[in-house]
Enquirer: 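Dropping the structure in here first, questions after.
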Amino acid sequence: MVKTAPLLEKIIPHNIQVFTGPFIPDEKFQELQTLKENSNNLRIRRYTPYFLNYMQKADLSISMSGYNTTLNILTTGVRAMILPFTGNNDQEQTIRSQKLNALGITKTIYPQDLQPDIFAWRIISYLEKQINKIKFDFNGVENTAKFLKDFVYKEKIA
């Protein structure tokens with residue numbers, strides 16, 4: 001994203017907030033800080049306790065498709081491009097991202113998409129598309145409790 005920002009800056013007005021995660025090695029973090037020095041529209045930080053607030057206000061979220069991040073995407077309804085982690089032949093994130101992609105909720109991106117010029121084009125084309133908004137019910141605990149109460153009540157009077 002850091003190398004794509006200058007290309008996007010010439011095409012669409014935007015600000016990019018990058019959160020690397022708190023465990024990024026210092027050398028890699030410094031490398032990113034150096035790369036962004038010529039970008040006025042890019043801010044790189046390790047972490048924010050206000051991540052969901054950023055996602056709620058964003059026009060686009062670009063991230064890996066881990067469980068928590070994916071739930072954040074679904075909760076906030078932000079337009080999202082997700083990159084599945086495939087290390088150690090792990091398929092969990094690939095399956096998750098492909099299912100959400102098929103529903104039109106997110107756009108799956110792959111390592112070969114991350115070349116700056118290709119990535120800029122993918123971002124712009126995705127921003128131009130109408131996304132599929134699906135309302136998810138995240139009240140599983142409450143719904144299950146109500147279902148069990150109703151079930152027990154019906155069994156008592158039957």
Side-chain angles (χ1 to χ4, degrees), residues 1-138 140-141:
M1 190 70 227
V2 175
K3 292 180 181 179
T4 304
L7 299 174
L8 290 172
E9 192 172 26
K10 297 173 186 172
I11 302 168
I12 56 174
H14 67 282
N15 286 301
I16 300 172
Q17 302 288 327
V18 175
F19 301 104
T20 63
F23 304 114
I24 187 171
D26 288 337
E27 342 40 270
K28 184 65 177 170
F29 188 76
Q30 282 307 321
E31 178 185 329
L32 292 173
Q33 292 291 346
T34 302
L35 283 171
K36 74 125 185 136
E37 284 178 358
N38 295 329
S39 295
N40 297 323
N41 61 336
L42 181 61
R43 185 172 182 196
I44 301 174
R45 294 189 293 173
R46 292 178 188 267
Y47 172 80
T48 179
Y50 307 107
F51 190 63
L52 280 177
N53 293 346
Y54 278 96
M55 289 183 85
Q56 288 170 333
K57 294 175 183 174
D59 293 320
L60 176 64
S61 172
I62 301 171
S63 61
M64 297 194 78
S65 52
Y67 179 79
N68 290 332
T69 303
T70 301
L71 281 179
N72 290 342
I73 290 166
L74 296 176
T75 300
T76 61
V78 66
R79 179 187 306 254
M81 298 175 81
I82 53 178
L83 174 72
F85 172 77
T86 57
N88 301 325
N89 205 25
D90 187 345
Q91 295 301 304
E92 175 192 351
Q93 290 190 19
T94 300
I95 293 166
R96 182 181 302 125
S97 68
Q98 288 173 343
K99 288 184 181 284
L100 292 172
N101 192 73
L103 289 170
I105 298 169
T106 64
K107 176 73 175 160
T108 301
I109 51 178
Y110 300 95
Q112 62 268 22
D113 297 329
L114 300 179
Q115 296 175 32
D117 54 338
I118 294 171
F119 198 36
W121 177 81
R122 293 227 188 272
I123 289 169
I124 292 166
S125 65
Y126 187 54
L127 285 170
E128 291 172 347
K129 287 186 178 183
Q130 183 69 25
I131 62 167
N132 192 13
K133 291 278 190 179
I134 295 178
K135 185 77 173 155
F136 288 91
D137 182 353
F138 292 102
V141 172

Enquirer: Are the side chain of Ser61 and the backbone N or O of Met55 linked by a donor-acceptor pair below 3.5 Å?
Expert: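 Such a contact is absent between Ser61 side chain and Met55 backbone.
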Enquirer: Could you grab the distance from atom OG1 of Thr70 to atom NZ of Lys99, nearest 0.5 Å is fine?
Expert: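 Between Thr70 OG1 and Lys99 NZ, I get 13.5 Å after rounding to 0.5 Å.
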Enquirer: Could you report the tightest heavy-atom contact between Ala5 and Ile16, atom names first, then the distance?
Expert: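 The answer is CB-CD1, 3.7 Å.
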Enquirer: Is the shortest side-chain heavy-atom distance between Gln56 and Asn53 below 4.5 Å?
Expert: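 Yes, close enough: below the 4.5 Å cut-off.
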Enquirer: Take a 6.0 Å sphere around CG of Asp117 and say whether it holds more than 12 heavy atoms from other residues, nucleotides or ligands.
Expert: yes
Enquirer: Between Phe119, Trp121, Tyr126, which is the residue that forms a side-chain contact (heavy atoms from CB on, under 4.5 Å) with Ile123?
Expert: Phe119
Enquirer: If you measure from OG1 on Thr76 to CG on Leu71, what distance do you get to the nearest 0.5 Å?
Expert: 10.5 Å
Enquirer: What is the minimum heavy-atom distance between Arg79 and Lys129, and which atoms define it?
Expert: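 What the structure gives for the nearest pair is NH1-O, 2.6 Å.
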Enquirer: Take Leu8 and Asn41 through the test side chain to side chain contact (heavy atoms under 4.5 Å, CB included) and record every step on the way to the result.
Expert: CA-CA 10 Å; Leu8 290 172; Asn41 61 336; 5.7 Å; no
Enquirer: Assess whether side chain to side chain contact (heavy atoms under 4.5 Å, CB included) is satisfied between Leu74 and Leu100, documenting all intermediate values.
Expert: CA-CA 10 Å; Leu74 296 176; Leu100 292 172; 4.1 Å; yes
Enquirer: How close do Gln115 and Gln112 get, heavy atom to heavy atom, and via which atoms?
Expert: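 Nearest heavy atoms, Gln115 then Gln112: NE2-O, 3.9 Å.
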Enquirer: Provide the closest heavy-atom pair for Gln98 versus Thr108 in the form atom of the first, atom of the second, distance.
Expert: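 So the minimum-distance heavy-atom pair works out to N-OG1, 3.9 Å.
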Enquirer: Under the criterion side chain to side chain contact (heavy atoms under 4.5 Å, CB included), I'd like the reasoning laid out for Asn89 against Gln91: C-alpha separation, chi angles, the key distance, then a yes or no.
Expert: CA-CA 6 Å; Asn89 205 25; Gln91 295 301 304; 3.5 Å; yes
Enquirer: Under the side-chain contact (heavy atoms from CB on, under 4.5 Å) test against Ile82, which residue among Ile73, Thr69, Asn101, Ile62 passes?
Expert: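 That would be Ile73.
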Enquirer: So Val18 and Leu32, side chain to side chain contact (heavy atoms under 4.5 Å, CB included) or not? Walk me through it.
Expert: CA-CA 10 Å; Val18 175; Leu32 292 173; 5.6 Å; no
Enquirer: So, does Asn88 use its side chain to make a donor-acceptor pair with the main chain of Asp90 at under 3.5 Å?
Expert: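 Judged by distance alone, no pair lies under 3.5 Å.
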Enquirer: Give, for atom OG of Ser63 and atom CD1 of Ile109, the distance between the pair rounded to the nearest 0.5 Å.
Expert: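 Between Ser63 OG and Ile109 CD1, I get 8.0 Å after rounding to 0.5 Å.
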Enquirer: Please report the shortest heavy-atom distance between His14 and Glu9, naming the atom on each side.
Expert: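 The answer is CE1-N, 3.3 Å.
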Enquirer: Should the heavy atoms of other residues, nucleotides or ligands under 6.0 Å from NZ of Lys107 be counted, would the total exceed 12?
Expert: no
Enquirer: What distance do Tyr54 atom OH and Arg45 atom CZ have between them, rounded to the nearest 0.5 Å?
Expert: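 So the gap between those two atoms works out to 3.5 Å.
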Enquirer: How far does CZ of Arg43 sit from CD of Gln33, to the nearest 0.5 angstrom?
Expert: 10.0 Å
Enquirer: Can you measure from CG (Leu83) to OG1 (Thr106) and round to the nearest 0.5 angstrom?
Expert: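 One gets 11.5 Å once the value is rounded to the nearest 0.5 Å.
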Enquirer: In a check of side-chain contact (heavy atoms from CB on, under 4.5 Å) between Arg46 and each of Phe23, Phe19, Phe29, which one passes?
Expert: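 Going through Phe23, Phe19, Phe29 one by one, the side-chain contact (heavy atoms from CB on, under 4.5 Å) with Arg46 is satisfied by Phe29 alone.
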Enquirer: Arg96 side chain to Ser65 main-chain N or O, any donor-acceptor pair under 3.5 Å?
Expert: yes
Enquirer: Show the nearest heavy-atom pair for residues Pro116 and Thr4, with the distance to one decimal.
Expert: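 Closest approach of Pro116 to Thr4, heavy atoms only: CA-OG1, 3.4 Å.
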